[in-house]
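Read through the structure below, which is laid out as structure tokens, and then see the notes.
Reminder, nothing fancy here: chain letters follow the sequence lines and each chain counts from 1. Predicted, not measured: the structure shown is a model, and the values here were computed from it.
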Protein chains: 2
Amino acid sequence: MTSISTHDLILSSARTLIVSGGYNGFSYADIATVVGIRKASIHHHFPTKAELVRSLVAGYRKEAEAGLGALEGAVADPADRLRAYVGYWQRCIADASAPFCICALLASEMPALPEEVGAEVRAHFRTLAAWLRTALEQGAGQGRFRLERDAASEAEGFMATIHGAMLSARAYGDAACFDTITDSLLDRLTARP
Amino acid sequence: MTSISTHDLILSSARTLIVSGGYNGFSYADIATVVGIRKASIHHHFPTKAELVRSLVAGYRKEAEAGLGALEGAVADPADRLRAYVGYWQRCIADASAPFCICALLASEMPALPEEVGAEVRAHFRTLAAWLRTALEQGAGQGRFRLERDAASEAEGFMATIHGAMLSARAYGDAACFDTITDSLLDRLTARP
DNA sequence: CTACGTCTACCTTCTGGTAGGTAGATCGTC
DNA sequence: GACGATCTACCTACCAGAAGGTAGACGTAG
């Protein structure tokens with residue numbers, strides 16, 4: 001049994017911490033406590049906080065791209081694909097394992113973020129929007145969706161609603177709120193014209 | 001000419017600061033610099049940071065309720081009313097005067113917020129959702145809107161999309177992104193069945 | 001005289017970050 | 001196989017500055 005490297009333990013605990021309070025909501029001391037090493041040892045793995053978070057978001061993006069890519073390969077029907085994507089977040093929020101997209105969270109703090117981190121966040125938004133656009137285009141081509149605008153705009157609207165639903169679930173402290181909003185988002189798309 | 005009270009100067013500078021970086025993104029020192037007084041003097045007006053922010057959000061809520069109420073009285077057509085609401089934010093974002101709803105921003109940091117502040121944020125979400133619901137119900141009653149779900153769910157979806165659009169505009173650094181998303185949100189509602 | 005608003009001066013704790021050192025694994029070289 | 005040299009991952013100890021907050025003095029307006 002191979003134990004997880006300290007490097008990865010730092011990243012994963014930072015991820016958990018950042019999900020709950022954003023960039024300025026956690027410190028090296030917090031991570032040190034969780035991982036069980038000293039503050040200074042974190043600097044051995046990540047020289048600065050900005051670099052730690054940049055690296056964390058880069059890893060998150062890679063995971064997301066892999067996940068979205070896998071979904072594209074595994075689920076042929078665009079409607080089911082979008083349902084699978086939304087379902088993923090419904091589960092994350094319901095079991096509170098990771099109840100917020102770190103990029104959505106960091107986006108709200110954009111003006112206060114180190115530039116390197118901001119760039120990663122921006123890139124994630126572009127990736128996700130492009131993936132959604134592809135699904136919408138395919139669905140429209142198959143006569144499966146009725147789009148009222150170009151696919152790119154619809155994709156931005158879809159993404160915004162998902163992120164806003166995360167915000168509402170958090171504000172109300174009610175996971176079901178996310179489901180209500182996203183279910184009707186999906187229904188609207190797949191309803192016959 | 002009556003000069004603005006220090007009390008209000010503190011609140012308004014705190015509002016500007018919080019819009020850009022959230023609860024942990026500003027300090028008493030930051031406010032002191034902007035207002036031109038010493039840190040300690042702020043404590044004379046607001047004993048703790050939590051109380052300052054709670055009071056700030058409470059004031060924001062009051063303003064919002066007044067503004068929404070006035071809109072309800074002044075604009076009879078529910079579609080125009082929603083358009084006016086969205087237009088307000090389009091202008092705020094375009095001129096960068098206050099490019100984010102502080103309650104939406106604080107909602108993302110909910111788990112890290114003092115309880116008193118969290119309660120105010122939650123209350124704002126409820127107020128706004130209720131106002132939107134009324135507009136949607138009126139529009140549906142007049143046959144002006146086609147709703148695919150109950151008005152309450154549609155209102156939550158509407159609010160989520162607005163908040164998500166703010167997030168996207170920030171992530172991309174592109175105010176026009178907010179307009180694209182919200183315009184199609186309004187169009188969809190008012191389009192004939 | 002009093003109440004208020006502001007000040008200086010200070011406190012404690014936390015912040016991200018640095019300096020320098022140590023135990024153990026891995027290395028090339030004889 | 002034995003040798004030192006280097007590398008890795010961690011440590012203790014420290015730093016300067018910022019955080020939120022307190023105590024008490026001072027001046028001014030009513």
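- Comparing Gly36(B) and Lys39(B) by the nucleotide of DNA chain C that holds the closest heavy atom to each, the one mapping nearer the 5' end is Gly36(B).
- For Glu148(B) and Ser184(A), the side-chain atoms include no donor-acceptor pair closer than 3.5 Å.
- In this structure, CD1 of Ile31(B) is placed 11 Å from C1' of dG20(D), rounded to the nearest angstrom.
- When heavy atoms are screened at a 4.0 angstrom cut-off, Ser41(A) is found touching base atoms of the nucleic acid.
- If you check every strand for non-hydrogen atoms under 4.0 Å, Ala29(B) touches sugar and phosphate atoms only.
- Between His43(A) and the phosphate of dA19(C), there is no side-chain N or O to OP1/OP2 separation shorter than 4.0 Å.
- In this structure, Phe26(B) reaches the sugar-phosphate backbone alone: every heavy-atom distance under 4.0 Å involves primed, P, OP1 or OP2 atoms, never a base.
- At whole-Å resolution of the value, CD1 in Ile42(B) and P in dA19(D) are 11 Å apart.
- Between Ile181(A) and Gly157(B), the shortest heavy-atom contact is CG2-CA, 4.0 Å.
- For dG21(D), its base never sits under 3.5 Å from the side chain of Lys49(B) at any donor and acceptor pair.
- You'll find that the side chain of Ile37(A) is closest to dC11(D), out of dC11(D), dT6(C), dA23(D).
- Distances from the side chain of His45(A) to the nucleotides dG16(C), dA19(D), dA9(D) place dA9(D) closest.
- For Ala40(B), the side-chain atoms get nearest to dA23(D) when compared with the rest of dA23(D), dA19(D), dT6(C).
- Side-chain N/O atoms of Thr6(A) include one lying less than 4.0 angstrom from OP1 or OP2 on dC10(D).
- Atom NE2 in His7(A) sits about 16 Å away from atom C1' in dC10(D), given to the nearest Å.
- With 3.5 Å as the limit, one finds a donor-acceptor pair spanning the side chains of Asp183(A) and Gln90(A).
- Nearest to the side-chain atoms of His44(B) among the listed nucleotides dC4(C), dC10(D), dC7(C) stands dC4(C).
- In the set dG16(C), dG5(C), dA19(D), the nucleotide with an atom closest to the side chain of Asp30(B) is dA19(D).
- For Arg144(B) and Gln138(B), the side-chain atoms include no donor-acceptor pair closer than 3.5 Å.
- For Arg38(A), taking side-chain heavy atoms from C-beta onward, the closest of the listed nucleotides dC11(D), dG20(D), dG17(C) is dC11(D).
- Between atom OG of residue Ser168(A) and atom CG of residue Asp174(A) there is a gap of 10.0 Å, rounded to the nearest 0.5 Å.
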